[in-house]
Amino acid sequence: MSSRKELVELFRELTELLTLDEGGPSTFRVRAYENATEALKSTREPLEEMTVSKLTKLEGIGKSTAQKIREYYDTGRIERLEELRAKFPADFVMLARVPGLGPKTLLRLRDELQVANLDDLRAAIAAQKIRPLKGMGAKSEKKLAKAIERIGSKQDRRPIAEALPLAETLVEEVAALPGVEAVQYAGSLRRFRETIADIDLVVASRDAEPIMEFFANMGRVSEVLGRGGTKSSVVTNTGIQVDLRVVEPEQYGAALLYFTGSKAHNIRLRGRALDLGATLNEYGLVELETEKVLASKTEEDIYKALGMQFIAPPLREDHGEVAAAAENALPNLVATEDLRGDLHVHTSYSGDAKSSVAEVVEAASKCGYQYLAITDHGKDLHINGVDEVTHAQIAEEIAALGPKYSDMLLLHGCELNIGKEGELDYSEEQRAKFDLCVASIHSHFDLAPEAQTERLITAMKAPSVRILGHMLARSIGKREGIECGVDAVLEAAKEANVAIEINSGLTRLDAPVEVLRRACEIGNVFAVSSDAHHADHLSSIRFGVRHSHRGWVPRERIVNYWPLAKFKQWLDG
Ligand code: DGT
Ligand code: CA
Ligand code: ZN
């Protein structure tokens, strides 16, 4: 952090803690710190070189604050702040952020009820210990209970499928605002976690005001939790909290890196920075001795300055990625543009899908694919299944499109249903007519693990099966995946030369990350598939790509990354 920025941060903290200490925001001392903070933000004077008496000549800076500024530049810390930090631990300071809880009440809660954190406060409310306090009462107690509930609900995690579309829309809308140089969602969403607590947006702009204005007044906002000069927090009508931060374009990379996390990854990176004699924070990578900013504008710059490979956001979980990046040993990850085909898509012949064969093929052609497998459901799936006769018709339609799409290999495939004991649709003779079969589970989710393992292995032994579709059949936020012996299934898949699907559906993202990582160790191959049920959804394969990153899947192991010849070899093998 440029030391100026850090100084401003420290003064902000001082103001916050002093407000607590003084029992209110309007005392002389608190206001003095507020004024000083504002002065520090705007001044262009070379503070680090100025004496106390020179500093006091600046507008908004009194003697006591001038001394603290000097102390900071001389020693790197401010003693008074350290005292206040010791007096008010972070858990207690958090309480000051509960709406309706002022410093006076807080101190009373601490001194009379020994409330030190949120849990204590909850307990005190539950025991109705707050209402007898001076200045309180049953009504204020109830109000507090509600305010805490709000905070509590922030901890609810939601499936990525609920948050990602909103985040993508927000990014689009903010990008179109005047003065916005870059915008990205950060946090767990950018790391592509399966569940999300809130959406964190980072914006690069020199003028925050229009962005804050737009943000607070969006139609989808039900409540503004906070609004500052460069930071706001809102709750949408659907109850998703969105935090927005506007930063200087020069610091965009550092801010994006910081707010993308994970926290554990950030801590690991900071350790690496320290080893190199630098500090890393949301403002930049700064050489300690010279205070020179080594990198801050882009994430790429920062990783490079740290002497390591760029680490894709889904990898940033402190699972060994920092050490690997430093040794140039990260897996080669696949990019959406690298994929040469899609091996699991449906047409309107599957009852739950909407596009014609021709529309799906045209969409695949627009993706630039060299091969495509159309895989409508087998007939065992009661509502959406397709019988032999209809499948013959699909085959004809596909063949008829051949001449028009001569640069794309069109495969007539099928998504077979794995029955309770591993049985599949049709006879093996009939199945062998398909160019490619995906086999997946759509029912009997509650069998014993041994039975599930057996079932999957039995299905994969059918020679026609080449891909194990959405392996655990989970639905994120709704249904846990089946329990099975993962290792045994993966071993069997390897033995049978069956690829493990990486299903791109946002409610699926199946097989899950832990399974993918295990499969990498065991040596399986993978197929990243859209499982699109509409021609417009072929592009959702990008989600599977990011899920594959979370699983550390090297692109060399992805069958639809392979060039046509190699892919055909695998298919025929
Ligand atoms: P979530 O919101 O629970 O789904 O997960 P995240 O990772 O989005 O967490 P969040 O929203 O609390 O914070 C966003 C990022 O900001 C987080 O991944 C790392 C960074 N961050 C937040 N607080 C801290 C902190 O105290 N220390 C460090 N080093 N980084 C933090
Ligand atoms: Ca977050
Ligand atoms: Zn499907």
Side-chain angles (χ1 to χ4, degrees), residues 1 9 13 90-91 93-94 151 154-160 162-164 166-167 184-202 231 233 240-245 247 254-271 273 279-283 313-314 316-318 342-347 349-353 360 373-378 381 383-386 413-418 425 436-442 467-471 473 501-505 507-508 510 527 529-534 537-538 540-541 544:
M1 180 159 8
E9 283 303 310
E13 196 183 344
D91 277 356
V93 177
M94 272 291 294
I151 291 186
K154 200 211 147 182
Q155 283 156 6
D156 285 351
R157 307 191 65 82
R158 353 177 128 237
I160 186 169
E162 286 178 30
L164 190 65
L166 171 63
Q184 185 45 287
Y185 53 83
S188 50
L189 195 53
R190 186 159 177 250
R191 302 199 309 279
F192 224 64
R193 279 195 59 176
E194 288 151 16
T195 62
I196 307 295
D198 60 4
I199 298 176
D200 305 282
L201 288 181
V202 182
K231 179 175 178 318
S233 231
I240 301 184
Q241 180 171 332
V242 189
D243 293 345
L244 171 92
R245 291 178 189 79
V247 303
L256 191 57
L257 182 64
Y258 181 88
F259 292 111
T260 296
S262 66
K263 197 167 164 182
H265 175 83
N266 289 350
I267 290 171
R268 187 71 62 183
L269 277 187
R270 270 207 301 277
T279 74
L280 177 63
N281 54 41
E282 59 189 287
Y283 304 105
R316 300 181 193 169
E317 296 290 353
D318 192 27
D342 196 338
L343 303 175
H344 182 170
V345 298
H346 296 268
T347 72
Y349 282 109
S350 296
D352 55 352
V360 169
I374 292 197
T375 55
D376 283 306
H377 288 292
L381 207 60
I383 307 166
N384 303 322
V386 175
C414 182
E415 180 178 14
L416 301 168
N417 179 58
I418 301 178
D425 321 60
L436 181 152
C437 288
V438 181
S440 24
I441 284 181
H442 300 98
I467 297 175
L468 182 58
H470 47 75
M471 177 166 151
E501 183 179 81
I502 300 177
N503 189 292
S504 301
T507 54
R508 291 201 185 273
D510 194 4
S529 297
S530 71
D531 195 1
H533 283 62
H534 191 289
H537 297 166
L538 261 70
S540 66
I541 205 162

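The first residue of the sequence shown is numbered 1, and numbering continues consecutively from there. Note that the structure is predicted; figures quoted are calculated from it, not measured. Whatever order the structure lists ligands and atoms in, that order sets their numbers, starting from 1.
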Point to revise | Metal-centred angle, OE1 of Glu415 through the Zn ion (ligand 3) to NE2 of His346, rounded to 10 degrees | key: 90°
Study note, to complete from the structure: In this structure, the Zn ion (ligand 3) sits at the vertex of an angle between OD1 of Asp531 and NE2 of His344 that rounds to 10° as 80°
Exercise for review: Verify the distance test for His470 against the Zn ion (ligand 3): any N/O/S atom under 2.8 Å, yes or no.
Suggested key: no
Review point. Does any N, O or S atom in His533 come within less than 2.8 Å of the Zn ion (ligand 3)?
Key: no
Between [X] and ligand 1, does any nitrogen or oxygen pair lie at a separation below 3.5 Å?
{"X": "Ser262", "answer": "no"}
{"X": "Ala197", "answer": "yes"}
{"X": "Arg157", "answer": "yes"}

Exercise for review: Tell me, please: is Arg191 in heavy-atom contact with ligand 1, that is, under 4.0 Å?
Suggested key: yes
Exercise for review: Please state whether Thr260 comes within less than 4.0 angstrom of ligand 1, counting heavy atoms only.
Suggested key: yes
Review point. How many protein N, O or S atoms are found at a distance of less than 3.0 Å from the Ca ion (ligand 2)?
Key: 2
Review point. Does Ala254 have any side-chain contact (heavy atoms from CB on, under 4.5 Å) partners at least two apart in sequence or in another chain, and if so, which?
Key: Ser296, Ile302
Exercise for review: Taking side-chain contact (heavy atoms from CB on, under 4.5 Å) as the test, write out the residues that go with Ser262, two or more places apart.
Suggested key: Arg191, Ala264, His265, Glu317
Can a donor-acceptor pair be found, under 3.5 Å and without considering hydrogens, that links the side chain of [X] to the backbone of [Y]?
{"X": "Ser529", "Y": "Asp531", "result": "no"}
{"X": "Asp425", "Y": "Leu416", "result": "no"}
{"X": "Glu501", "Y": "His470", "result": "yes"}
{"X": "Asp510", "Y": "Asn503", "result": "no"}

Study note, to complete from the structure: Near Gly187 (heavy-atom distance under 4.0 Å), the atoms of ligand 1 are 8 (O)
Exercise for review: Provide the number and element of each atom of ligand 1 under 4.0 Å from a heavy atom of Asn266.
Suggested key: 19 (C), 20 (C), 29 (N), 30 (N)
Review point. Mind checking what makes salt bridge (Lys or Arg N to Asp or Glu O under 4.0 Å) contact with Arg270, not counting sequence neighbours?
Key: none
Check your understanding: Between Asp376 and Thr347, do the side chains contain an N or O donor and an N or O acceptor separated by less than 3.5 Å?
Key -> yes
Practice item. For Ser504 and Ser540, work out which heavy atoms get closest and say how close. Key: CB-O, 3.2 Å
Check your understanding: Between Asn266 and Tyr258, which heavy-atom pair has the shortest distance, and what is it?
Key -> ND2-O, 2.9 Å
Revision key, fill the gap. Separation between CZ (Arg316) and CG (Asp318), nearest 0.5 Å, reads 13.0 Å
Check your understanding: Among Ala264, Gly261, Ser188, which residue places a heavy atom closest to atom 5 (O) of ligand 1?
Key -> Ser188
Check your understanding: Going by the angle between their ring planes, with limits at 30° and 60°, are His377 and His442 parallel, tilted or perpendicular?
Key -> perpendicular
